[in-house]
Amino acid sequence: MFLVGAGPGDPGLITVRGKQLVDSADAIVYDALANPALLPADARDTGHPELYYVGKRGGGGARAKESFSQQDINSLLVKLACEGKRVVRLKGGDPFVFGRGSEEAQACNDATVPFEVVPGVTAGIAAPAYAGIPVTHRGIATSVTFVTGHEDPAKPTLTNWNALAKAGGTIVLYMGVKTLPEIAHALIEGGLPGEIPAAAIQWGTRWNQRTTVATLETLAAKAEAQGLTAPVITVIGWSVVLRDEISWFERRALFGKRIVVTRATQQASGLTEKLRDLGAEVIEMPSTRIARLDLSLLRRAIAELGDYQWLVFTSQNAVAIFWEQLLASGRDARALAGLKVSAVGPATAGALLERGIAVDTIPERFVAEALLEIMRARDDVAAANVLYVTAEGSRDVLPEGLRGIGAGVEVIHAYQSISDGEGAARLARAIEAGKVDLVTFTSGSSVRGYVEAVGADLATRVPAASIGPQTSDALRAAGVEVRCEARESTIDGLVSAIVRDS
């Protein structure tokens, strides 16, 4: 059993140890404050690891029916561990900072279940830091006190609010948005000046972080007026004034944007990471996924590589499948000695270079027409035999053009892009709810899959960011507004176009 701190919300703030355990778990028990982006992407499709949501919901109504008691959670953890599973209890923030992780550890101990605690970044430090508020600062605040805001000062409490008011330093309140008026009154009654700066930070470290700055006396009313609701971290102290100088997170180029990445799951991580680094909330809802086709023809071609002079790839997927089959045949990069290799763009060339193969040709414009132009200009192509590994449904511009100059071209369709039904359903719901600002596309096939998945009407409701002219043409043909197009048909070029447009 592993009690793992998930951090405050930004998925990048989980520890290395925590991420390793999540990736190796048989079962993950997670709560409402653990970012779902930390869960293995294919877990719901494959059933491994098993996922158990155990969020707590306060109040009444339908949402309360989703709530799990602490006893329910303790029992589930013990049960899963006793079944021999490698269990990760993924908790928002740090397990032992107002997270009741110690109670779960006690339950494991009582049941003689071995456990390990992996600390996490607590929201009381991280949320202020992302808002540009240090909890300590030389000459301003030399101490910090973390306090639960669940306790109502007007009722019997373990917190000595009078002593806290006189202690000095920064006060950080967890879970205190509902009791903030009473807490502020108690602190002022205890001697803390009502005009001391204070801030309330909702969803700290996430794309939708909101920060309200006021004074201790006025913060509760201002937070209510601005509609701040849990989860909120409240900071009280003079270091709040530093926010004007060192606020950074909310100044990121894409902060507050919700952007959908429709690339196939295997390729989404690079684009997702770049967009998140710029402050966007990224929803990975692939409209397509990669499905291998009958590879018997590819295996035959690999066995007869000596019959070809050129090997041409136009996608990373084609490279990956070719390489997989090459290694399965008992051969490696040495089998390509004597062949010239061509790639349509830097991503495909990079996939080859990772496998020890440097390409002989790559166009300045990353489209089939540009690659054809380069190959036509060479004197070693016209009479050559070319092996072209591609996707089913790909354009025939390149093979037909090469045949036109006398080359013999064998086209092998190694995979197809097919609609991802579950991802498409989530995407449709997000569009209908108005929760999407932009959808990214990196190929014509992703456009076709998107339109088929969400329907022609929904497809036109959100503008698109396109990786290049062919993709833009496909979008316009589908009636989708092209908000921006990459000047260079690469992931970096696509990201730059989105930033310029923001």
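All values reported here derive from a predicted model rather than from experimental measurement.
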Notebook entry, point to check: When you look at NZ of Lys435, are more than 12 heavy atoms from neighbouring residues, nucleotides or ligands closer to it than 6.0 Å?
Noted result: no

Note to self: Can you tell me if Arg500 has over 12 outside heavy atoms packed within less than 6.0 Å of its CZ?
What the structure shows: yes

Could you check whether any side-chain N or O of [X] sits under 3.5 Å from a backbone N or O of [Y], counting only pairs where one atom can act as donor and the other as acceptor?
X: Thr262; Y: Thr440; answer: yes
X: Ser489; Y: Ile467; answer: yes
X: Gln209; Y: Thr205; answer: yes
X: Glu103; Y: Gln70; answer: no
X: Trp248; Y: Ala129; answer: yes
X: Thr471; Y: Phe441; answer: no
X: Asn35; Y: Gly9; answer: yes
X: Thr460; Y: Asp457; answer: yes
X: Tyr174; Y: Gly124; answer: yes
X: Ser239; Y: Pro134; answer: yes

Margin query: Looking at every heavy atom in both Pro181 and Ala220, which two are closest together, and how far apart are they?
Written below: CG-CB, 3.8 Å

Heavy-atom check, side chain of [X] versus side chain of [Y], under 4.5 Å:
X: Val436; Y: Arg258; result: no
X: Cys484; Y: Ile498; result: yes
X: Asp10; Y: Tyr130; result: yes
X: Asp23; Y: Gln20; result: no

Notebook entry, point to check: side chain to side chain contact (heavy atoms under 4.5 Å, CB included) between Glu250 and Arg243: does it pass, once the steps are laid out?
Noted result: CA-CA 11 Å; Glu250 295 165 27; Arg243 171 174 161 80; 3.0 Å; yes

Next item on the list: For the pair Arg89 and Asp31, find out whether any cationic side-chain nitrogen is under 4.0 Å from an anionic carboxylate oxygen.
Entry: yes

Notebook entry, point to check: Can Arg100 and Glu104 be counted as an ion pair, charged N to O under 4.0 angstrom?
Noted result: no

Next item on the list: Give a yes-or-no answer on whether the side chains of Ser472 and Ser466 include a donor-acceptor pair shorter than 3.5 Å.
Entry: yes

Margin query: Using the rule side chain to side chain contact (heavy atoms under 4.5 Å, CB included), only one of Val4, Leu80, Val22 pairs with Ile28; which is it?
Written below: Val22

Next item on the list: List the steps, then state whether side-chain hydrogen bond (donor to acceptor under 3.5 Å, both in side chains) holds for Ser75 with Gln71.
Entry: CA-CA 6 Å; Ser75 298; Gln71 183 56 49; 3.1 Å; yes

Next item on the list: Tell me, with the steps shown, if Val177 and Gln202 meet side chain to side chain contact (heavy atoms under 4.5 Å, CB included).
Entry: CA-CA 10 Å; Val177 66; Gln202 181 186 43; over 6 Å; no

Note to self: Could you check whether Tyr53 and Tyr30 have their ring centres less than 6.0 Å apart?
What the structure shows: yes

Checklist line | Test log, rule side chain to side chain contact (heavy atoms under 4.5 Å, CB included), inputs Ile236 and Leu192 | finding: CA-CA 10 Å; Ile236 303 165; Leu192 200 61; 4.0 Å; yes

Next item on the list: Please lay out, stage by stage, how Ser24 and Arg86 fare under the test side chain to side chain contact (heavy atoms under 4.5 Å, CB included).
Entry: CA-CA 8 Å; Ser24 64; Arg86 184 177 174 87; 3.1 Å; yes

Next item on the list: Starting at CD of Glu217, measure out to CD1 of Ile188 and round the result to the nearest 0.5 Å.
Entry: 5.0 Å

